[in-house]
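The structure appears below as structure tokens.
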Amino acid sequence: MYYTDARGSSPAFLPPQNGSSHRSSGYVPGRIAPLRPPPPSQSHVSAEFTSARQEARAMFASSPPGQHRRRAEANRYKNTLICFAVSSFSLFVALGIFMGIASKYAPDENCPDQNPRLKNWRPGKDPEKKVIIKKGDLFRLNSDATVHSITIQDGGLLVFGDDKDGSKNITLRTRFILIKDGGMLHVGAEKCRYKSKATIILYGKSNEDADVPEFGKKFIGVGPEGTLELHGHQKLSWTLLSKSVNFSGLACGHYAFKKNFSRGLNVRVIDQDTASVLEVLKFDTHEFSEESLKLQNLLKNRSPGRIIAIAVGDSAAKNLLEETRVTIQNLLGSKFVRGLSYRQAWALVGVIGGGNSSCNESVRDYENHSTGGKALAQKEFFTVDGQKFVVRAYSEWNDGVPISGFQVEPVGGVILNLLDDVSSWEPGDRIVVASTDYSMYQTEEFTLLPCPECTKHQVKVKAECLLLNRGFCTRSILKNFTSVHLSYVELKQMGQQQIGSYPVHFHLCGDVDEKGGYSSKTYLDGLSIHHCFSRCVTIHATNGLLIKDTIGYDTLGHCFFIEDGIEQRNTFFHNLGLVTKPGTILPTDRNSTMCTGIRDKVYGSYIPVPATDCMAVSTFWISHPNNHLISNAAAGSQDAGIWYLFHKIATGDSHSLGIETKSELTPLGIFYNNRVHSNFKAGLFIDKGVKTTNASADDPREYLCLDNNARFRPHQDADPEKPRVAALIDGLISFKNNDHGAWVRGGDILIQNSGLLFLFLQAKYNRDGHSYCSSQGCERIKIVTKDSAKGVSNCMAKAYPKYYQGPAVIKQMPVKTTVPCTKCGTTQMLFTSDPQKNYLLVQINLSGKNELSRGQQAFISVNNTMFSFKDNGILVVVVDACTGTVSGNNLFSGVDIKRVGGYLKSGIPQRYVKNITDKFALLEKAKPLTKILQCCLSLQKETEPHVVAPLCLKEE
């Protein structure tokens with residue numbers, strides 16, 4: 001019997017069908033019955049026996065009768081207490097052991113596969129078997145299976161089996177799965193996520209079998225009263241890079257050099273922090289002794305820590321002076337250079353001042369015009385960013401030809417630095433790195449490698465091509481379902497280039513949230529939709545749907561697609577779409593070639609105009625403004641990242657419903673913190689509509705082609721007689737879009753807190769004379785920008801002469817120490833060891849004469865605690881460098897300014913940071929002074945995205 005709880009939603013588990021006679025105490029419908037308690041302990045029996053034995057033993061003691069009696073009673077009481085304590089302790093120990101074992105093996109009531117009423121189901125492999133799971137069928141699938149089709153109906157239940165270690169991997173192959181009339185399919189649950197790997201493969205060809213009414217072929221379909229719950233292992237869906245990804249993992253790329261007959265010592269000087277080759281040199285020490293002296297001077301004048309690679313070309317020993325050989329031995333740690341002889345092949349990689357431990361070298365003797373192989377020297381290093389790289393030098397004679405060369409390249413993959421904690425990502429996972437340039441096709445796919453040295457904000461990757469098989473697709477999810485929740489599910493190679501065949505399709509579902517009577521809002525969470533043949537998620541006449549943390553990658557046609565122009569209150573939160581390619585279904589999906597080539601729905605011989613009829617494919621296609629876009633990213637589309645358009649009337653299947661859209665007049669939903677880049681036409685597009693009539697002699701264009709018939713002019717309650725309501729575009733980040741960062745037409749529209757490149761604004765109609773408005777009404781677009789940056793421009797000197805001045809003094813960095821430091825560093829852990837998580841935020845605002853005249857005040861802020869002052873003087877704020885707390889602040893003004901020097905020397909204990917700002921009315925600019933003692937800090941720069949720059953200085 002189909003069961004519905006008091007809230008009107010179908011439970012995950014059905015109650016027993018045989019009445020209440022077998023229900024244990026505490027039974028709750030829809031939950032697994034708790035285990036019965038263990039039988040009573042028999043410890044009290046042994047306690048009684050022990051008491052009696054002690055009593056009998058006491059009766060044989062030699063004492064007077066009265067005394068015997070009193071002593072016996074006292075002993076009996078004492079022993080009874082002792083035995084009761086012992087037996088009680090034994091009981092608790094037994095209960096503890098039993099409950100520990102029971103809790104280990106007890107079923108979890110949140111896990112659908114642990115329902116004790118389920119029967120193990122093993123259908124085997126029968127491609128002709130049509131399975132119907134109906135009332136009374138409660139199945140647990142525990143092994144791979146192949147069937148023709150599965151229909152779950154009339155209260156039937158199918159659950160995928162799982163285990164605690166995630167090793168029960170199950171593959172189900174079927175042509176379709178239809179869930180209707182109280183049928184339920186569960187793979188995991190929201191509170192008990194599926195730990196193993198469940199794969200559903202939809203197989204078959206388009207010309208096989210007849211279509212299922214309203215669904216077609218190859219689908220997972222949820223009809224009226226159906227329940228679909230798919231919940232995979234939870235992982236972070238996507239994040240941002242916190243540092244640029246360098247080519248090959250190195251800032252300047254890999255380096256390779258190979259040459260024949262390059263006589264002498266070929267030398268490369270390499271930066272140990274970046275792996276860049278700083279100098280390319282050759283010293284002919286075979287022919288000229290002066291060249292030997294030049295090499296000697298080079299090594300003595302280079303900073304300790306520099307990497308030196310040396311390879312012999314031809315011969316280098318004849319005029320290689322002894323003092324030069326000794327220098328190479330002492331500075332680079334060579335063991336072979338003193339004995340280097342005529343035409344010997346010799347290669348060395350070492351570090352200036354590093355000694356023998358930092359040196360690797362090889363030598364091979366010359367005989368019969370050959371050295372019998374390479375003299376190969378190589379050594380691994382780490383850049384300042386933690387990227388491992390190898391430096392190689394080699395030298396050889398091969399059939400009378402001297403060969404020498406060098407290589408500098410990363411080792412063991414490339415480390416990516418990420419903004420969020422990605423510890424949920426595992427080796428073997430596949431990731432995509434979006435393009436950061438104008439072309440979306442610079443997107444790259446990677447496989448994660450093991451990386452024990454990575455932090456929780458880092459992963460190591462290796463690039464490779466991705467090979468995929470074809471042929472999976474899915475179709476509709478229909479209205480009136482009981483429950484649909486999908487989380488952390490991968491969908492690949494889904495959909496077809498035909499109307500209605502999409503990876504995920506909510507089709508005429510109405511209100512799917514509380515407004516529609518659902519106790520739990522319908523949602524898609526953490527889906528990975530990639531390499532699909534038609535869209536990502538289609539919302540068709542459906543309201544109140546939540547789509548979050550979902551990725552749509554490498555798909556055809558509009559990716560996140562709102563279809564008929566009547567859909568409202570849907571929320572897109574923190575989704576990512578990239579590499580959105582043209583499709584064929586709608587004119588707006590098509591590129592120029594498809595636009596002119598597909599003409600079966602135009603009137604007569606009309607040839608579509610690509611620029612005005614088509615070419616609008618977008619990652620987010622929003623056909624009604626009353627939907628919410630929050631923290632999404634559109635990282636590459638053939639045309640637009642986010643496109644708002646406005647249907648004059650409902651289109652498609654919704655046209656017959658007679659619903660008035662009023663999309664041009666409806667206020668904009670929430671638009672906040674979205675980013676758009678690498679799109680060909682525009683990052684954000686707010687303009688236009690679609691043609692809402694069929695092709696005819698009067699207008700031969702195809703139905704739903706792009707049209708200029710709409711203009712966004714939001715009013716309160718979508719009523720043109722009521723006041724205007726400004727559409728707020730808040731926090732848009734737009735960069736590296738080929739034509740426009742944003743194209744906005746209409747009004748009122750307010751753009752604020754946004755970073756835009758190439759913004760295009762245009763009114764729909766020409767104004768009347770000198771009026772600000774046209775005959776069609778007023779159109780107003782307001783852009784609010786705030787830029788507090790005071791960076792130095794690198795533009796032409798004529799345009800910005802004051803920023804073109806060279807530095808007055810150039811001060812070299814101190815020489816890197818080569819011996820352990822004995823009186824520096826810190827003896828205590830600083831206030832954080834993880835700059836990604838916690839850091840000390842210090843802001844110093846300086847005010848001069850001009851700033852004072854504008855009412856600006858000087859202040860020092862430490863972790864948002866502000867210390868401000870208005871009078872002339874010097875403010876000193878003291879911060880404990882190991883805990884990050886402010887220990888004091890002092891203002892020195894007037895004659896007290898002379899005391900600043902003494903206060904800094906003796907008034908502040910060790911390990912403290914002094915944040916100092918001065919403000920004098922006669923100075924144009926104040927001078928900040930910052931001094932750090934002993935402990936190291938990490939200071940956050942206010943940039944986008946946030947960058948943590950480590951600062952570690954020593955008191956001098």
(request) Examine the side chains of Ser631 and Arg675 and answer whether a donor and an acceptor come within less than 3.5 Å of each other. (result) no
(message) Over 60° means perpendicular and under 30° means parallel, so tell me whether Phe620 and Phe572 are parallel, tilted or perpendicular.
(response) perpendicular
(request) Compute whether any side-chain donor of one residue and acceptor of the other, for Glu208 and Tyr203, lie under 3.5 angstrom apart. (result) no
(message) Under a 3.5 Å threshold, yes or no: a donor from one side chain and an acceptor from the other, between Thr588 and His558?
(response) yes
(request) Would you mind reporting whether Thr227 and Ile152 have side-chain heavy atoms less than 4.5 Å apart? (result) no
(message) Quick one: does any side-chain atom of Asp589 pair with a main-chain N or O of Val617 as donor and acceptor, under 3.5 Å?
(response) no
(request) Could you verify whether a donor N or O on one side chain and an acceptor N or O on the other, from His485 and Glu229, lie under 3.5 Å apart? (result) yes
(request) Could you please spell out the steps behind the side chain to side chain contact (heavy atoms under 4.5 Å, CB included) verdict for Thr171 and Ile201? (result) CA-CA 7 Å; Thr171 298; Ile201 298 176; 3.9 Å; yes
(request) Measure up the Trp643 and Phe685 rings against each other and bin them: parallel (under 30°), tilted (30 to 60°), perpendicular (over 60°). (result) parallel
(request) Indicate whether any N or O donor in one side chain lies under 3.5 Å from an N or O acceptor in the other, for His624 and Ser663. (result) no
(request) Heavy atoms only: give me the nearest Phe560-Thr550 pair and the separation to one decimal. (result) CZ-O, 3.9 Å
(request) Taking Glu225 for its side chain and Lys180 for its backbone only, find out whether a donor-acceptor pair lies under 3.5 Å. (result) no
(request) Grab the two heavy atoms, one from Asp163 and one from Ser196, that are nearest each other, plus how far apart they are. (result) OD1-OG, 3.5 Å
(request) Verify the neighbour count for atom CZ of Phe680: are there more than 12 heavy atoms of other residues, nucleotides or ligands below 6.0 Å? (result) no
(request) Assess the side chains of Asn679 and Ser637: does a donor N or O sit below 3.5 Å from an acceptor N or O? (result) no
(message) Between Leu141 and Leu158, is there a side-chain heavy-atom distance shorter than 4.5 Å?
(response) yes
(request) Look at the side chain of Asn575 and the backbone N and O of Ile547, then say whether any donor-acceptor pair between them is shorter than 3.5 Å. (result) yes
(message) Tell me the closest heavy-atom pair linking Trp425 and Ser237, and the distance in Å.
(response) CZ2-O, 4.3 Å
(message) Checking the side chain of Asn570 only, and the main-chain atoms of Leu546 only, is there a donor and an acceptor separated by less than 3.5 Å?
(response) no
(request) Please round to the nearest 0.5 Å and tell me the distance separating atom NZ of Lys581 and atom CG of Asn591. (result) 12.0 Å
(request) Say whether, by atom type as modelled, one donor and one acceptor occur between the side chain of Asp162 and the main chain of Lys168 under 3.5 angstrom. (result) no
(request) Could you walk me through whether Thr584 and Gln497 pass side-chain hydrogen bond (donor to acceptor under 3.5 Å, both in side chains), step by step? (result) CA-CA 7 Å; Thr584 61; Gln497 280 294 298; 2.8 Å; yes
(message) I'd like to know whether Arg173 forms a side-chain hydrogen bond (donor to acceptor under 3.5 Å, both in side chains) with Thr199, so could you lay out the CA-CA distance, the side-chain angles of the two residues, the decisive distance to 0.1 Å, and finally the verdict.
(response) CA-CA 8 Å; Arg173 299 182 74 252; Thr199 304; over 6 Å; no
(request) Kindly say whether Gly204 contributes a backbone atom to a donor-acceptor pair with the side chain of Lys218 at under 3.5 angstrom? (result) yes
(request) Provide the closest heavy-atom pair for Asp653 versus His507 in the form atom of the first, atom of the second, distance. (result) OD2-CE1, 3.3 Å
(request) Report yes if some heavy atom in the side chain of Ser520 is under 4.5 Å from a heavy atom in the side chain of Ser483; otherwise report no. (result) no
(request) Without swapping roles, check the side chain of Asp639 against the backbone of Lys681 for a donor-acceptor pair under 3.5 Å. (result) no
(message) Given 3.5 Å as the limit, does a donor-acceptor pair link the side chain of Asp429 with the main chain of Glu426, or not?
(response) yes
(message) When you compare the side chains of Trp743 and Asp687, does any donor N or O come within less than 3.5 Å of an acceptor on the partner?
(response) yes
(message) Give me the atom names and distance for the closest heavy-atom approach of Phe561 to Leu586.
(response) CZ-CD1, 3.8 Å
(request) Verify, without hydrogens or angle tests, whether Ser654 (side chain) and Ala650 (backbone) share a donor-acceptor contact under 3.5 angstrom. (result) no
(request) May I ask you to check whether His574 and Trp238 place their ring centres under 6.0 Å from each other? (result) yes
(request) Grab the two heavy atoms, one from Ile585 and one from Ser534, that are nearest each other, plus how far apart they are. (result) CD1-OG, 3.3 Å
(request) With the side chain counted from C-beta on, respond yes when Phe506 and Val504 share a heavy-atom pair under 4.5 Å apart, and no when they do not. (result) yes
(message) Is Cys595 disulfide-linked to Cys614, taking SG-SG under 2.5 Å as the test?
(response) yes
(message) Is there a ring pair (Phe, Tyr, Trp, His ring centres under 6.0 Å) between His531 and Tyr553? Walk through the geometry before answering.
(response) CA-CA 6 Å; His531 298 89; Tyr553 165 58; 5.1 Å; yes
(request) Please lay out, stage by stage, how Phe139 and Phe160 fare under the test ring pair (Phe, Tyr, Trp, His ring centres under 6.0 Å). (result) CA-CA 9 Å; Phe139 291 154; Phe160 274 57; over 10 Å; no
(message) Between Thr651 and His655, do the side chains contain a donor N or O and an acceptor N or O under 3.5 Å apart?
(response) no
(request) Measure from the side-chain N and O atoms of Asp564 to the backbone N and O of Ala541, and report whether any donor-acceptor pair falls under 3.5 Å. (result) no
(message) Using the rule given for side-chain hydrogen bond (donor to acceptor under 3.5 Å, both in side chains), can you reason through Asp420 versus Thr239, listing the C-alpha separation, both sets of side-chain angles and the distance that settles it, and then say yes or no?
(response) CA-CA 6 Å; Asp420 295 306; Thr239 183; 2.7 Å; yes
(request) Would you kindly say whether Ser149 and Arg175 are connected by a side-chain donor-acceptor distance under 3.5 Å? (result) no
(request) For His647 and Glu664, test the side chains for any donor-to-acceptor distance below 3.5 angstrom and give the result as yes or no. (result) no
(request) Please work out whether the ring planes of Tyr502 and His505 are parallel, tilted or perpendicular, with thresholds of 30° and 60°. (result) perpendicular
